[in-house]
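Written out below as structure tokens is the structure these notes cover.
Lettering follows sequence order; numbering is per chain, from 1.
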Protein chains: 2
Amino acid sequence: MAERTSSSKIYLEVVESLRSMIEADSLLPGDKIPSERELSDRLNVGRSSVREALRALELLGLIETRRGEGTFIRDFQEHKLVELLGTFFLQDKKVQEDLAETKRLIEIDCLRIVAFFATAEDIKRLIAWVRAGEFRDDDFFLRIAILNRNRLLERIWRIINSYARTSEMVQGNVRKEEYLALLTYLLERDEEKAIETYLIRIRNMSKDE
Amino acid sequence: MAERTSSSKIYLEVVESLRSMIEADSLLPGDKIPSERELSDRLNVGRSSVREALRALELLGLIETRRGEGTFIRDFQEHKLVELLGTFFLQDKKVQEDLAETKRLIEIDCLRIVAFFATAEDIKRLIAWVRAGEFRDDDFFLRIAILNRNRLLERIWRIINSYARTSEMVQGNVRKEEYLALLTYLLERDEEKAIETYLIRIRNMSKDE
DNA sequence: CAGGCCGCTGTGGTCTGACCACTAGATTTC
DNA sequence: GAAATCTAGTGGTCAGACCACAGCGGCCTG
């Protein structure tokens, strides 16, 4: 490859090359990318530089490596990222509060969308699931997040939830009746009541947002 | 360090060691971390492994390296992350829609919070700013996001906005009167009207969420 | 022929030692 | 005292060497 970007770091150039390579060959999750040695050859850089780029992308969750097999594009989701950012600097008090608040906001958004757009079947399925067995609070809201059909919002929720879990603001004992009440309101498309139930009976808050 | 995690990758152990090292010495943004060679010594691993870890953290935006000086903890914000994830796989149509929807949801959340908790002075200041000169739509909502005092939510908005900008769903010509109307409702704490104004007059949508 | 063993090849994982480029601070020089 | 210089330390990069592991094909045995 050209080495015009003279002063910048090689491993970043490799990242960039990989990006365009993926784009050019329209590689999809699961596909294999060239081996480290081949990349090193093709790009005229040392193998260690290639590795630095690959390790970085791996930590980002963009690729996956299997020793003896090769390096593959990953169906990205569930990056290491979460645990990382989380444990790295999330000890502050204010941050914790923001976290909790944001989580509530996102969950309410999801509830709104579900109240509007989810099919009755979906909601009934969820009711059956609640009745069926034990679950944690975040199991429940994960399902809500999935129901909302907005993959990005779902992902944001997942990330925030992971943060929240590493810092134990989890709530253990769920009372099924509260969740059932919530679902019933959703089934009736009563957005207002549903959110009220969520805030007061599930999150034990007063009426402010 | 112990090397019990026999089968896992060394560079990940280094990342972990760095994490606890930072925690133990309560290092803050701007502080220097040990040199690559020293880490390599202290942890009994090759320098290349240390570098793989550092490069990964660098791409994540957690640290910053300056040749000839050393490696420093970074005031994290503005990671490379955004551009990366963005350019890597965000070409899909559905993803674009989700993006737009999520952005609207977050913005509405911010508006709600501002309507409840922002001081009249803050809002008036914003009104003055709108009157004062030209601005882009995202300039405006960045200020809204900042007003809401939830740093995490603000960060999420920033990220989503960056995504959105790389894929040009930006709107150019703003009409000040719409934004002023919105702010007036906020000043009157009329959440409902404010959101209606946002959706219909600023985002040109019908009444659904 | 079927099944399993073996070794070859290619891949990632890691280490070492060698340079280079650059910075900052100490040293020397004027 | 100020300016130029030297030097030690740091990140940036490379080449080459092993190791561990997965996959494949060929060979042997039943």
Check the phosphate of [N] against [X], side-chain N and O only, distance under 4.0 Å to OP1 or OP2. Yes or no?
X: B:Thr71; N: D:dG11; answer: yes
X: A:Arg67; N: C:dG10; answer: no
X: A:Ser49; N: D:dG12; answer: no
X: B:Arg51; N: D:dG12; answer: yes

Quiz item: Under 4.0 angstrom, heavy atoms only, what part of the nucleic acid is A:Thr65 near: base, sugar-phosphate, or nothing?
Solution: sugar-phosphate
Quiz item: To the nearest 0.5 Å, how far apart are OG in B:Ser35 and CZ in B:Arg47?
Solution: 8.5 Å
Quiz item: So, for B:Phe135 and B:Phe141, is the gap between ring centers shorter than 6.0 Å?
Solution: no
Quiz item: If each of A:Gly46 and A:Gly68 is mapped to the nucleotide of DNA chain D with the nearest heavy atom, which maps nearer the 5' terminus, i.e. the 5' end?
Solution: A:Gly46
Self-check item: Side chains of B:Tyr11 and A:Glu58, donor plus acceptor under 3.5 Å
Solution: yes
Quiz item: Any side-chain donor-acceptor pair under 3.5 Å between B:Ser49 and B:Lys9?
Solution: no
I need the [atom1]-[atom2] distance between [X] and [N], as an integer number of Å.
X: A:Glu52; N: C:dC15; atom1: CD; atom2: P; answer: 14 Å
X: A:Leu43; N: D:dT13; atom1: CG; atom2: C1'; answer: 14 Å
X: B:Arg47; N: C:dC15; atom1: CZ; atom2: C1'; answer: 13 Å
X: A:Glu36; N: D:dC14; atom1: CD; atom2: C1'; answer: 15 Å
X: A:Glu64; N: C:dT11; atom1: CD; atom2: P; answer: 17 Å
X: A:Ile10; N: C:dA21; atom1: CD1; atom2: P; answer: 13 Å

Quiz item: Could a donor-acceptor pair under 3.5 angstrom be found where the side chain of A:Arg37 meets the base of C:dG10?
Solution: no
